[in-house]
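In what follows, chains are A, B, ... by sequence order, proteins preceding strands, each numbered from 1.
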Amino acid sequence: MKPSVEIHINGEKKVYPAGVTPRDILRDNGIEDSRDMVAADLNGHAVDLSTPLTESGPLNFISVRSAKGLEILRHSTSHVMAQAVQELFPDVKITIGPAVEEGFYYDFDTPRPFTPEDLELIESRMREIVKGELPFRRIVMPRNEAIGFFQEKSETYKVELLDQIESEEVSLYAQGGFTDLCRGPHIPDTGYIRAFKLTKLAGAYWRGDERNPMLQRVYGTAFPSHEDLKHYLHVLEEAKKRDHRKLGRELDLFSVSDDVGPGLVIWHPKGALLRHLIEEFERREHLKRGYQFVIGPQILKKDLWERSGHFDNYREQMYFTTVDGVDYGIKPMNCLAHMQVYKSKIRSYRELPLRFFELGTVLRHEKSGVLHGLLRVRQFTQDDAHILCTPEQLNDEIIGIVKFVRDVMEIFGFDYTMELSTRPEKSIGTDEDWDRATTALEKALQDLGAAYEINEGDGAFYGPKIDIKLKDALSRSWQCATIQCDFTLPERFDLTYVDSDGERKRPVMIHRVVLGAIERFLGVLVEHYAGAFPLWLSPAQAVVMTITERQNPYAREVVERLKAHGVRVEVDLRNEKIGFKIREARGQKIPYMVIIGDKEMESGTIAIRKRGEDSTAGMPVETFLKQFDQEVENRS
RNA sequence: GCCCACGUAGCUCAGUAGGUAGAGCACUUCCUUGGUAAGGAAGAGGUUCACCGGUUCGAUCCCGGUCGUGGGCUCCA
C-alpha cells in the first residue's frame with residue numbers, strides 16, 4: 001500500500017497519497033484563491049504550495065492578505081531584487097534580505113555604491129522578472145554541498161552564514177538563474193508579485209557590527225495590490241505632515257541653528273511655554289508621589305566621574321572642561337549629584353525610600369549621524385529621579401514607577417511597548433548583583449501583568465533596565481521612560497543606611513525617568529497630536545478676532561476678561577477679512593477662536609468656533625469660561 | 001562615526017550648454033471695513049546661490065574638501 005497522509009482541512013479530514021502538495025489540495029477542495037494563497041501552514045510550520053507533504057495534520061492556506069502572507073510576499077520580492085541586482089551588476093555579492101515591518105531590504109557588497117538611477121534600473125529589471133513568472137524552486141542539500149556551491153560563486157557572505165548553521169541539511173531557493181540560501185517559504189512564482197517599489201538606499205554594516213565592512217542596503221516594499229501600495233504611500237505622505245520638525249517651524253515652537261551648533265535646541269516662546277506646562281505637570285505629579293526636589297550642578301570634578309565608572313565606560317559621550325587647573329566633567333547624567341545629597345548625612349532605614357527628583361539638564365556628545373530634530377539632541381533635560389531604598393523595598397518601588405509611567409502615558413493617550421534589557425558586554429558590577437537586579441525588574445513586570453520583551457545585552461553599563469518606547473509619526477521607536485536598577489554605584493560611593501539592628505547596610509539605587517528627555521517627549525508629543533494639542537497643553541488656547549476695526553475696543557475688553565481668568569489668549573485685530581484670520585488660526589491649530597462682530601458687540605456675547613468644527617456658537621463670556629475650565633480639568 | 005542624497009530670500013521651491021538670480025507665501029506701506037479656509041496695489045528683502053579651495057577669461061552651476069540637514073547603519077533619553 002502507498003503511504004498516505006491525513007490532512008485536516010475546512011473542518012474535514014481527508015486522506016491523500018504522501019507527496020501531495022498544498023497546491024493539489026487547494027485544487028482538490030475547489031478553493032477559489034485567484035492567486036491570493038501564497039503558501040500553507042501544516043502543523044504550525046509554513047510550507048510552499050509546491051512542497052510534497054509527508055506529514056499528517058491540519059493544513060491552512062496563507063493568504064497574501066494576512067500578516068504572514070504579506071511577509072512571504074515581501075521576502076520573495078527581496079529575492080527578486082537580489083536577482084535583478086546580480087543580473088545588472090555581476091560583481092555584487094549577496095548577503096541577507098529579510099522582510100521587515102514595512103517591506104523588505106537586501107544588503108549587497110558592491111565595489112561601487114548604488115545611485116538613485118541604479119534603483120530605477122533595478123526596479124525595471126525586477127518588473128521583467130515578475131512578468132517572467134519564474135517559479136521559486138526549493139532545493140534541499142547537505143550543508144557542505146551548499147558551502148561548495150556558494151564558494152564556487154564566490155559568495156563569501158553566504159559561506160560565512162553556512163559556516164555558522166548547525167543543521168546538516170539546508171534549503172536553497174532558486175528562481176531563474178538566481179539561487180539564495182533561504183529557509184522559505186516563498187510564493188509559487190515571481191508573477192505573484194503585483195505591486196512593489198524600491199524606497200530607499202542606505203548603508204548598513206555586515207551583521208550590524210560597525211567593525212565589519214559597510215554594505216549597500218536597498219529598501220523596498222510590496223503589497224497585494226496597487227491600491228494597497230498607493231494607500232501606503234499616501235499614509236507616508238500624511239505622516240510626514242506630522243513631522244515635529246515641520247510642525248515645530250510652522251507652529252513656531254523651536255529651531256536649531258548652524259550658528260549655535262548641531263543638536264542644540266533653541267526654544268521659541270510657544271515651545272518654551274509648552275515645555276513649561278509639561279514641566280509644571282511633572283512637578284505636581286512627582287510631589288503627589290512622594291518625590292523630593294533636588295538640584296545638582298552642571299559640572300562635577302572628573303575624579304567623581306572616574307569613581308562612578310562613567311569615565312571608563314561613558315567618556316566618549318562626555319564633554320570635559322578645566323577650571324583653575326582642575327578637570328571637570330559636564331554632567332551626562334544626574335545621578336552623581338543625587339548621591340551626594342544622600343551622602344550629606346547619615347541615613348536611617350526609617351527615611352527610606354528616598355526619592356530625589358530633578359528636571360536635570362545634561363549634555364551628551366552624540367555621534368553626528370544620529371542627531372534628529374528634538375528626538376536626538378546633545379543637550380536635553382530629563383525628568384530624572386534616583387530612588388534609594390532597602391533591597392526589600394525594591395520590588396514595590398519598581399511597581400510604583402511602572403504604575404506612574406502607565407498613568408502618565410494614559411493621560412497623553414500614548415501606546416507604548418516595554419522592554420527588559422539585560423547585561424551588556426561593557427559593564428561594571430558582579431554577576432550576582434546583575435542577577436538580583438534583573439530578577440527584581442522582571443518580577444515587577446510580572447506582578448503587574450505587563451507585556452514586555454527581553455532585550456539581551458542592552459542594559460546600561462551599571463545595571464539592567466526596563467525601557468518604555470513610544471513611536472513617532474513614521475513609526476520609529478524612541479525610548480522615553482526607563483527604569484534602571486543599580487547595585488554598583490551605591491557600592492562605589494559607599495552609600496549606607498543604619499538598619500533597625502544598628503548595622504550599616506547598603507541601599508539599592510533606582511535610576512528612572514518617566515517622560516525621559518523633555519525634548520524627545522515633546523517631539524513625539526507634537527507628532528502624536530499632529531500639533532493640535534489638547535486645551536490644557538496648548539500654548540495659545542484661544543484667539544480673539546474681530547470682523548472689522550469697529551469691534552476692537554470690545555474685543556480688547558473680552559481679551560482682558562479671558563486673560564484675567566487665566567486663559568492663554570492671543571488677539572488678532574488686524575485689518576484683514578475674517579476668513580483670512582480663521583485660516584491662520586486653523587493653521588496654528590488654536591483650540592478656540594473667539595469671533596467678534598457687531599452682533600456680538602451689541603448683545604455683549606462672543607461667538608465661539610472650536611478647533612475642528614465649522615460652525616460657531618454665540619454665548620456670554622461666562623458660559624465659555626465654564627466650558628473652558630471643564631475641558632482643561634478633563635485634560636481632553 | 002559610517003553609507004547615500006541634499007544645501008538658492010524668513011518658509012516652500014524654480015533656475016542658468018558655466019556669462020555675477022526668480023516665483024508664491026511671509027514682511028513693510030497704502031487702498032479696502034469685509035461675518036467663518038487666502039480682498040487689492042506698491043515696496044523692501046539674497047554680504048550673489050552653506051563654507052573653503054581648484055579648473056576656467058569667467059562658477060550658484062564642473063571637480064575636491066569642510067560644515068550642516070535628511071534617510072539608513074551603529075549607538076542611545
Item checked: Closest-nucleotide ordering on RNA chain B, the 5'-leading residue of W478(A) and D243(A) -> D243(A)
Checklist line | Side-chain heavy atoms of V218(A) within contact of F108(A), under 4.5 Å | finding: yes
Check: So how far is it from D109(A) CG to L215(A) CG, rounded to the nearest 0.5 Å?
Finding: 5.5 Å
Next item on the list: Calculate the interatomic distance between F114(A) atom CZ and rG71(B) atom C1'; express it in whole Å.
Entry: 17 Å
Next item on the list: Mark this stacking check for F380(A) against rA77(B) as yes or no, applying ring centres under 5.5 Å and ring planes under 30°.
Entry: yes
Notebook entry, point to check: Per the atom types in the model, does the base of rA77(B) pair as donor or acceptor with the side chain of Q484(A) at under 3.5 Å?
Noted result: no
Notebook entry, point to check: When the P atoms of rC11(B) and rG46(B) are considered, how many whole Å apart are they?
Noted result: 14 Å
Notebook entry, point to check: Closest approach of S538(A) and R611(A), non-hydrogen atoms and distance?
Noted result: OG-NH1, 4.0 Å
Notebook entry, point to check: If you look at every strand shown and take non-hydrogen atoms under 4.0 Å, does G208(A) touch a base, only sugar-phosphate, or nothing?
Noted result: sugar-phosphate
Check: From rG35(B), rG1(B), rG71(B), pick the nucleotide closest to the side chain of K367(A)?
Finding: rG1(B)
Notebook entry, point to check: Is the phosphate of rG1(B), meaning OP1 or OP2, less than 4.0 Å from a side-chain N or O of S368(A)?
Noted result: yes
Notebook entry, point to check: Does the side chain of R476(A) get closer than 4.0 angstrom to OP1 or OP2 of rG71(B) through an N or O atom?
Noted result: yes
Next item on the list: Mind checking R550(A) for me? I need base, sugar-phosphate or nothing, with any heavy atom below 4.0 Å counting as a touch.
Entry: sugar-phosphate
Margin query: Once rounded to the nearest 0.5 Å, what's the spacing between atom NZ of K471(A) and atom CD of E527(A)?
Written below: 13.5 Å
Notebook entry, point to check: What is the distance from NZ of K469(A) to P of rC76(B), rounded to the nearest Å?
Noted result: 10 Å
Check: When we call it a touch if two heavy atoms are under 4.0 Å apart, what does G369(A) touch: a base, just sugar-phosphate, or nothing?
Finding: base
Item checked: Protein-nucleotide distance (Q317(A), atom CD; rC76(B), atom P), rounded to Å -> 8 Å
Next item on the list: Under a 3.5 Å limit for both distances, which nucleotide forms a Watson-Crick or G-U wobble pair with rA77(B), could you say?
Entry: none
Margin query: Of the listed nucleotides (rU74(B), rG72(B), rG39(B)), which one gets closest to any side-chain atom of K577(A)?
Written below: rG39(B)
Next item on the list: Calculate the interatomic distance between F108(A) atom CZ and rC73(B) atom C1'; express it in whole Å.
Entry: 16 Å
Notebook entry, point to check: Over how many whole Å does the gap from R574(A) atom CZ to rC30(B) atom P extend?
Noted result: 16 Å
Check: What distance, rounded to whole Å, do you find between the two C1' atoms, one in rG64(B) and one in rU55(B)?
Finding: 11 Å
Next item on the list: Give E613(A) one of three labels, base, sugar-phosphate or nothing, depending on what nucleic acid heavy atoms sit under 4.0 Å from its own.
Entry: nothing
Notebook entry, point to check: Does any nucleotide pair with rU60(B) by Watson-Crick or G-U wobble geometry, both distances under 3.5 Å, and what is it?
Noted result: none
Margin query: Over all strands shown, is A202(A) touching base, sugar-phosphate only, or nothing at heavy-atom distances under 4.0 angstrom?
Written below: base
Next item on the list: Could you work out the separation of rG45(B) and rC6(B) based on their P atoms and round it to a whole Å?
Entry: 32 Å
Check: Is there side-chain contact between R245(A) and E250(A), with heavy atoms separated by less than 4.5 Å?
Finding: no
Check: With a non-hydrogen cut-off below 4.0 angstrom, is V377(A) in contact with a base, only sugar-phosphate, or nothing?
Finding: base
Margin query: What I want to check is whether an N or O donor and acceptor connect the side chain of E366(A) with the base of rG1(B) at under 3.5 Å.
Written below: no
Next item on the list: Report yes or no: is there a donor-acceptor pair, N or O only, under 3.5 Å between the side chain of Y205(A) and the base of rG1(B)?
Entry: yes
Margin query: The side chain of R364(A) is closest to which nucleotide in this list: rC76(B), rU33(B), rU69(B)?
Written below: rC76(B)
Margin query: Say we look at rG39(B) and rG58(B): how far apart would their C1' atoms be, to the nearest angstrom?
Written below: 47 Å
Check: Can you tell me if the side-chain N/O atoms of R217(A) get under 4.0 Å from OP1 or OP2 in rC3(B)?
Finding: no
Notebook entry, point to check: In whole Å, what is the span from the CE atom of M418(A) to the C1' atom of rA77(B)?
Noted result: 18 Å
Next item on the list: Remember a base hit wins even if backbone is also touched, and classify V513(A) as base, sugar-phosphate or nothing at under 4.0 Å, heavy atoms.
Entry: nothing
Check: On RNA chain B, nearest-nucleotide positions of A517(A) versus K599(A): which is more 5'?
Finding: K599(A)
Margin query: Counting only side-chain nitrogens and oxygens, does R249(A) get under 4.0 Å of the OP1 or OP2 atom of rU12(B)?
Written below: yes
Margin query: I need the I606(A) CD1 to Y592(A) OH distance, nearest 0.5 Å.
Written below: 10.5 Å
Notebook entry, point to check: Hey, do the aromatic rings of F412(A) and F521(A) have their centres closer than 6.0 Å?
Noted result: yes
Next item on the list: May I have the distance from L573(A) (atom CG) to rU33(B) (atom C1'), rounded to whole angstrom?
Entry: 14 Å
Margin query: Need one value for K200(A): base, sugar-phosphate or nothing, where a base atom within 4.0 Å counts as base even if backbone is also close, heavy atoms only.
Written below: sugar-phosphate
Checklist line | Nucleotide forming a Watson-Crick or wobble pair with rA42(B), both distances under 3.5 Å | finding: rU28(B)
Check: Reckon R378(A) has a side-chain N or O less than 4.0 Å from the OP1 or OP2 of rA77(B)?
Finding: no
Next item on the list: Name the closest nucleotide to the Q216(A) side chain, picking from rU33(B), rC76(B), rC3(B).
Entry: rC3(B)
Check: Does the side chain of K581(A) get closer than 4.0 angstrom to OP1 or OP2 of rG34(B) through an N or O atom?
Finding: no
Next item on the list: Classify the nucleic acid contact of E549(A) as base, sugar-phosphate or nothing, counting any heavy atom under 4.0 Å across all strands shown.
Entry: base
Item checked: Base of rU36(B) paired with side chain of R609(A) (donor-acceptor, under 3.5 Å) -> yes
Margin query: On the nucleotide rG71(B), are OP1 or OP2 found under 4.0 Å from the side-chain N or O atoms that H372(A) carries?
Written below: yes
Note to self: Categorize D598(A) for me: base, sugar-phosphate, or nothing, with a 4.0 angstrom heavy-atom threshold over every strand shown.
What the structure shows: base
Next item on the list: Tell me which nucleotide among rU36(B), rG1(B), rG68(B) gets nearest to the side chain of I595(A).
Entry: rU36(B)
Notebook entry, point to check: At under 4.0 Å between heavy atoms, what does Y219(A) touch on the DNA or RNA strands: base, sugar-phosphate, or nothing?
Noted result: sugar-phosphate
Check: Atom CG of D209(A) to atom P of rG1(B): distance rounded to whole Å?
Finding: 19 Å
Next item on the list: Considering non-hydrogen atoms only, spot the tightest contact between F533(A) and P539(A) and give its length.
Entry: CD1-CD, 4.0 Å
Notebook entry, point to check: K465(A) has a side chain; which of rG68(B), rC2(B), rA77(B) sits nearest to it?
Noted result: rA77(B)
Check: Aromatic ring centroids of H372(A) and W478(A) under 6.0 Å?
Finding: yes
Check: Do the side chain of R376(A) and the base of rC75(B) come within less than 3.5 angstrom through a donor-acceptor pair of N or O atoms?
Finding: yes
Check: Which part of the nucleic acid does I518(A) contact within heavy-atom distance under 4.0 Å: base, sugar-phosphate only, or nothing?
Finding: nothing
Notebook entry, point to check: Using the P atom in both, what is the distance from rU60(B) to rG7(B), to the nearest Å?
Noted result: 15 Å
Check: Is E410(A) salt-bridged to R406(A), going by a charged N under 4.0 Å from an acidic O?
Finding: no
